[in-house]
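For reference, the structure discussed in these notes is given below.
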Amino acid sequence: MTQDAAGASKFSRRVAIAGTQHLGGAIHLLRVRFPEIAASALPGQFVEVKASEGSDPLLPRPFSVNQVDAHRQTFAFLYEALGCSTRQMAQKAAGDELLVTGPLGKPYPLEPDVCDEVVFVAGGLGIASFLFAAQTLKERGDPRPVRLLYGARSAESIVLTGEFERLGVRCEVATDDGSLGEKGLVTGLLERYLASDPRNPALYVCGPAPMLKAAAGIAEARGARCFLSLETYMGCGMGVCVGCTIKMKTGDGPDDFEYQRACVDGPVVDAARLIW
């Protein structure tokens with residue numbers, strides 16, 4: 001057991017893969033048995049994973065906790081096999097080992113007093129953290145309506161919507177090429193939803209930086225609370241390397257800001273405080 005820079009307990013060791021699943025395109029789901037993380041992770045937190053024992057690549061990679069099975073003491077994460085680390089993961093099978101550290105970062109604020117409607121806004125693999133959030137709300141018996149607005153390149157990049165629907169989440173999809181749902185961007189779905197004058201919603205947004213910035217602007221224009229899960233690369237995940245610095249407002253003046261670390265002060269941040 002270790003501690004991050006904020007003093008929170010973290011767990012790190014090599015663990016066996018419990019199962020893998022190819023979801024479509026280059027997207028995979030990988031499940032590991034790690035009782036401590038399965039018992040303590042919160043929605044919006046992430047883990048650092050190193051697929052190889054060597055130095056190629058040298059650093060681990062961050063992945064959002066996607067699902068937790070407390071009974072089996074496992075958790076899962078999504079990845080897209082595009083880079084060196086993720087291509088290594090795609091070659092692994094059940095029983096193979098990974099070095100995993102977590103849970104890391106600040107979670108989504110999902111408390112009932114935050115809003116009357118919960119809205120997840122996902123761009124591409126930004127969908128990864130929201131299934132655990134929906135699962136948690138369901139297990140709490142939270143009565144608030146939950147909606148997912150989900151955009152991706154094409155139909156094969158849209159994953160896990162059936163899992164959300166089984167949890168009672170209303171799903172709306174947009175694809176760049178129109179192969180599933182509406183043709184266009186997820187921000188178009190968001191603008192239409194907010195134009196319907198929903199009752200006190202809170203937006204929880206994860207995806208590429210341009211999409212996060214656009215969603216934050218839409219939320220600000222409509223006066224909606226908005227929380228962003230940043231996809232900033234986080235080398236160590238524990239605030240030591242200071243390689244994931246973000247600029248955050250501390251007041252209303254031009255000099256009222258401070259630099260924070262996305263891995264420990266985020267990755268979930270209040271969109272109204274983030275300086276782009």
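None of these values were measured; they are calculated from a predicted model. The figures that follow rest on heavy atoms only: side chains count, while hydrogens, waters and symmetry mates do not.
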Which pairs of donor and acceptor atoms, one on a side chain in residues 111-129, lie under 3.5 Å apart (sequence neighbours left out)?
unit_1 : atom_1 : unit_2 : atom_2 : d
Asp116 : OD2    : Asn200 : ND2    : 3.1
Glu117 : OE1    : Tyr193 : OH     : 2.6
Glu117 : OE2    : Arg199 : N      : 3.4
Ser129 : OG     : Tyr108 : OH     : 2.6

message = What verdict does the side-chain contact (heavy atoms from CB on, under 4.5 Å) test give for Met211 and Leu185, after you've listed the backbone C-alpha separation in whole Å, the side-chain angles of each residue and the deciding distance to 0.1 Å?
response = CA-CA 9 Å; Met211 172 260 192; Leu185 303 177; over 6 Å; no

Are [X] and [Y] grouped together when hydrophobic residues (ILVMFWY) are joined by side-chain heavy atoms under 4.5 angstrom apart?
{"X": "Phe130", "Y": "Leu190", "result": "no"}
{"X": "Leu189", "Y": "Leu203", "result": "yes"}
{"X": "Phe63", "Y": "Phe75", "result": "yes"}
{"X": "Ile218", "Y": "Leu149", "result": "yes"}
{"X": "Val173", "Y": "Leu23", "result": "yes"}

For the residue pair [X] and [Y], establish whether any side-chain heavy-atom pair is separated by less than 4.5 Å.
{"X": "Arg61", "Y": "Thr86", "answer": "no"}
{"X": "Val49", "Y": "Leu99", "answer": "no"}
{"X": "Ser154", "Y": "Leu180", "answer": "no"}
{"X": "Glu48", "Y": "Met234", "answer": "yes"}
{"X": "Asn66", "Y": "Leu160", "answer": "yes"}
{"X": "Val186", "Y": "Tyr150", "answer": "no"}
{"X": "Phe77", "Y": "Val65", "answer": "no"}

Any side-chain to backbone donor/acceptor pair from [X] onto [Y]? Under 3.5 Å, distance only.
{"X": "His71", "Y": "Thr74", "result": "no"}
{"X": "Arg261", "Y": "Gly239", "result": "yes"}
{"X": "Lys10", "Y": "Pro103", "result": "yes"}

query = When you check the gap from the basic side-chain N to the acidic O, do Glu182 and Arg192 get nearer than 4.0 Å?
reply = yes

request  = May I ask you to say whether Arg140 pairs ionically with Asp142, meaning some side-chain N is under 4.0 Å from a carboxylate O?
outcome  = no

Where is the tightest heavy-atom contact between [X] and [Y], given as atom of each residue plus distance?
{"X": "Gln88", "Y": "Ser52", "value": "OE1-CB, 3.4 Å"}
{"X": "Lys92", "Y": "Leu98", "value": "CD-CD2, 3.5 Å"}
{"X": "Ala219", "Y": "Leu194", "value": "CA-CD1, 4.4 Å"}
{"X": "Ala76", "Y": "Leu29", "value": "CB-CD2, 3.8 Å"}
{"X": "Cys171", "Y": "Glu165", "value": "SG-CG, 3.8 Å"}
{"X": "Ile27", "Y": "Ser157", "value": "CD1-O, 3.8 Å"}

Spacing of [atom1] belonging to [X] relative to [atom2] belonging to [Y], to within rounding of 0.5 Å:
{"X": "Phe34", "Y": "Arg14", "atom1": "CZ", "atom2": "CZ", "value": "12.0 Å"}
{"X": "Cys84", "Y": "Leu58", "atom1": "SG", "atom2": "CG", "value": "11.0 Å"}
{"X": "Thr187", "Y": "Leu212", "atom1": "OG1", "atom2": "CG", "value": "11.5 Å"}
{"X": "Arg33", "Y": "Asp69", "atom1": "CZ", "atom2": "CG", "value": "11.0 Å"}
{"X": "Asp265", "Y": "Cys244", "atom1": "CG", "atom2": "SG", "value": "8.5 Å"}
{"X": "Phe132", "Y": "Leu137", "atom1": "CZ", "atom2": "CG", "value": "10.5 Å"}

Let me have the donor-acceptor pairs involving side chains of residues 37-46, under 3.5 Å, with sequence neighbours excluded, atom names and distances please.
unit_1 : atom_1 : unit_2 : atom_2 : d
Ser40  : OG     : Glu36  : O      : 2.7
Gln45  : OE1    : Leu42  : N      : 2.8
Gln45  : NE2    : Gly105 : O      : 2.8

task = Any chance you could lay out the side-chain contact (heavy atoms from CB on, under 4.5 Å) test for Val47 and Thr101, step after step, and finish with the verdict?
result = CA-CA 6 Å; Val47 294; Thr101 302; over 6 Å; no

Counterpart residues, side chain to side chain contact (heavy atoms under 4.5 Å, CB included), relative to Arg166 (two or more places apart) = Glu163

request  = Can you sort out the partners of Thr20 under side chain to side chain contact (heavy atoms under 4.5 Å, CB included), two or more places apart, ordered by chain and number?
outcome  = Ile17, Leu30

Could you tabulate the donor-acceptor pairs under 3.5 Å formed by side-chain atoms of residues 268-276, not counting sequence neighbours?
unit_1 : atom_1 : unit_2 : atom_2 : d
Asp270 : OD1    : Ala272 : N      : 3.0
Arg273 : NE     : Lys249 : O      : 2.9
Arg273 : NH2    : Lys249 : O      : 2.9

Can you give me every donor-acceptor pair (side chain of residues 222-232, partner residue at least two apart or in another chain, under 3.5 Å) with its distance?
none

key: Heavy atoms of other groups near Arg72 CZ, more than 12 under 6.0 Å   = no

task = Under the side-chain contact (heavy atoms from CB on, under 4.5 Å) rule, what do Tyr204 and Leu110 come out as? Steps first, then yes or no, please.
result = CA-CA 9 Å; Tyr204 302 85; Leu110 294 171; 3.8 Å; yes

query = When you look at Arg31 and Gln67, which way does the side-chain hydrogen bond (donor to acceptor under 3.5 Å, both in side chains) test go after all the steps?
reply = CA-CA 9 Å; Arg31 187 179 301 276; Gln67 303 173 42; 3.3 Å; yes

